[in-house]
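Just so it is clear, the values below take in all heavy atoms, side chains as well, and ignore hydrogens, waters and symmetry mates.
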Amino acid sequence: GSVDGEALRAHLKHLGAFDLSIYLCSQGSGEGLSLAAEEKEEVYRIGAEVLGGHREVVGAGIGLSGDPDRTIKLVKRLSATGVDAIQVFPPRTGALRPADREIIRYYDEVVAASACPVVLGENVTLVGYELGPRVVIEVIEHHPEIVGLSYTVPLAGLAGLADIIGRLRERVAIRVGLLHHLVNVAALGGAGILCFDGNVVPGLVSEVWGAATDGQPEQR
């Protein structure tokens, strides 16, 4: 019924021994949709306390709400916790995809409200629709505060993956939430893979990525 701060600190210290970036409160693993705002804030602050300055800490679990105003308030609150960046997904408004201009306006307000850099979340499975390369590129090009792209679009295939990484890899760190594309992401110049496996075998995940990138330290 509450955050176990002691256990979380121990787990984060364990993860911090390996060359990994840490995403906290991901919606994909469940806790991002189940934790209250104050619980997310506590998790973020513990992550920044334990790993700040040692490993990249990204606060996730923001977005996917039918109430953009609520999301903006959460962005203001959680971006001031000391994390390196926050990952924000677009609104999940129901059966219809919002118009491009609405999505662009949404991210304009998200970036303006954030006290730290932002990672743009593109995940068809979680959101229910695709932003699409045109919108993703336009939002990123207009906001230097956006430093990363979390990209999970299964139907895009290798061609779509190569296109988005080729266009944006010099601008933002691109991590892909499709583990079977690990070698492809490494070869195309992506920054890493988003996966839950690192919670269990962080050393193995770090070693496999290091082997795929020939040990380049800036990519993980």
Side-chain angles (χ1 to χ4, degrees), residues 1-16 18 20-94 106-107 109-129 131 145-152 175-177 179 192-202 205:
S2 62
V3 175
D4 187 335
E6 184 177 349
L8 178 59
R9 285 183 175 85
H11 183 56
L12 291 172
K13 287 178 182 178
H14 174 62
L15 296 180
F18 304 96
L20 301 168
S21 294
I22 311 299
Y23 281 61
L24 301 169
C25 302
S26 167
Q27 284 111 327
S29 55
E31 67 267 32
L33 294 173
S34 60
L35 294 178
E38 58 270 17
E39 292 172 322
K40 290 179 183 178
E41 182 176 10
E42 183 179 359
V43 172
Y44 280 26
R45 290 191 184 280
I46 291 174
E49 169 198 325
V50 175
L51 296 174
H54 179 56
R55 298 294 179 203
E56 181 187 30
V57 179
V58 179
I62 305 175
L64 302 184
S65 170
D67 182 358
D69 287 339
R70 180 182 175 187
T71 297
I72 298 303
K73 290 178 181 177
L74 195 60
V75 166
K76 290 179 179 179
R77 178 174 183 173
L78 298 183
S79 64
T81 54
V83 294
D84 296 298
I86 54 169
Q87 175 185 263
V88 184
F89 284 113
R92 188 163 58 186
T93 54
Y106 170 85
Y107 275 106
E109 295 190 16
V110 163
V111 171
S114 181
C116 70
V118 174
V119 173
L120 191 156
E122 164 80 294
N123 188 315
V124 175
T125 303
L126 288 177
V127 179
Y129 60 83
L131 297 179
E145 302 91 341
I146 296 179
V147 297
L149 170 64
S150 298
Y151 185 79
T152 306
R175 294 185 172 88
V176 177
L179 192 57
I193 288 290
L194 297 162
C195 65
F196 312 129
D197 309 72
N199 282 295
V200 182
V201 285
V205 170

(request) May I ask you to test the S2-E42 pair for a side-chain heavy-atom distance under 4.5 Å? (result) no

(message) Is there a side-chain contact between V111 and I146 in this structure, where contact means two heavy atoms from C-beta onward sitting under 4.5 Å apart?
(response) yes

(request) Quick one: pull up CG in L131 and CG in L120 and give me the separation to the nearest 0.5 Å. (result) 6.0 Å

(request) Find the distance between CZ (R55) and CG (L12) and round it off to the nearest 0.5 Å. (result) 12.5 Å

(message) Tell me whether K40 is salt-bridged to E31, with the criterion being a basic N under 4.0 Å from an acidic carboxylate O.
(response) no

Taking all non-hydrogen atoms of both residues, which atom of [X] and which atom of [Y] are closest, and how far apart?
X: S150; Y: Y23; answer: OG-CE2, 4.1 Å
X: P202; Y: L20; answer: CB-CD1, 3.5 Å
X: S26; Y: F196; answer: OG-CE2, 4.2 Å
X: P90; Y: Y129; answer: CB-OH, 3.5 Å
X: L78; Y: A37; answer: CD2-O, 4.1 Å
X: S65; Y: T71; answer: CB-OG1, 3.5 Å

Not counting sequence neighbours, which residues clear side chain to side chain donor-acceptor pair (under 3.5 Å) with [X]? List them please.
X: E39; value: none
X: E145; value: none
X: N199; value: H11
X: E122; value: none

(request) Could you tell me which residues satisfy ring-ring contact (aromatic ring centres under 6.0 Å, His included) with F18, sequence neighbours excluded, listed by chain and number? (result) H14

Partner set under side chain to side chain contact (heavy atoms under 4.5 Å, CB included) for [X], not counting sequence neighbours:
X: Q27; result: L33, L64, F89, L126
X: H54; result: L51
X: S114; result: V75, S79, I86, C116, V118
X: P117; result: A85, V147

(message) Let's go through L179 and D197 carefully: what are the C-alpha distance in whole Å and the side-chain angles of both, what is the deciding distance for side chain to side chain contact (heavy atoms under 4.5 Å, CB included) to 0.1 Å, and is it a yes or a no?
(response) CA-CA 10 Å; L179 192 57; D197 309 72; 3.8 Å; yes

(message) Is there a side chain to side chain contact (heavy atoms under 4.5 Å, CB included) between Y106 and V88? Walk through the geometry before answering.
(response) CA-CA 10 Å; Y106 170 85; V88 184; 3.7 Å; yes

(request) Among residues two or more places apart or on two chains, list those pairs meeting salt bridge (Lys or Arg N to Asp or Glu O under 4.0 Å) that have a residue in residues 68-92. (result) E41-R77

(message) Applying side chain to side chain contact (heavy atoms under 4.5 Å, CB included) to V50 and K13, what does each step give before you reach the verdict?
(response) CA-CA 7 Å; V50 175; K13 287 178 182 178; 3.7 Å; yes

(message) As a quick check of understanding, evaluate side chain to side chain contact (heavy atoms under 4.5 Å, CB included) for I22 and V58, giving each step before the final call.
(response) CA-CA 6 Å; I22 311 299; V58 179; over 6 Å; no

(message) Any side-chain to backbone donor/acceptor pair from Y44 onto T81? Under 3.5 Å, distance only.
(response) no

(request) Count the heavy atoms belonging to other residues, nucleotides or ligands that lie under 6.0 Å from CD of E6, then report whether that count exceeds 12. (result) no

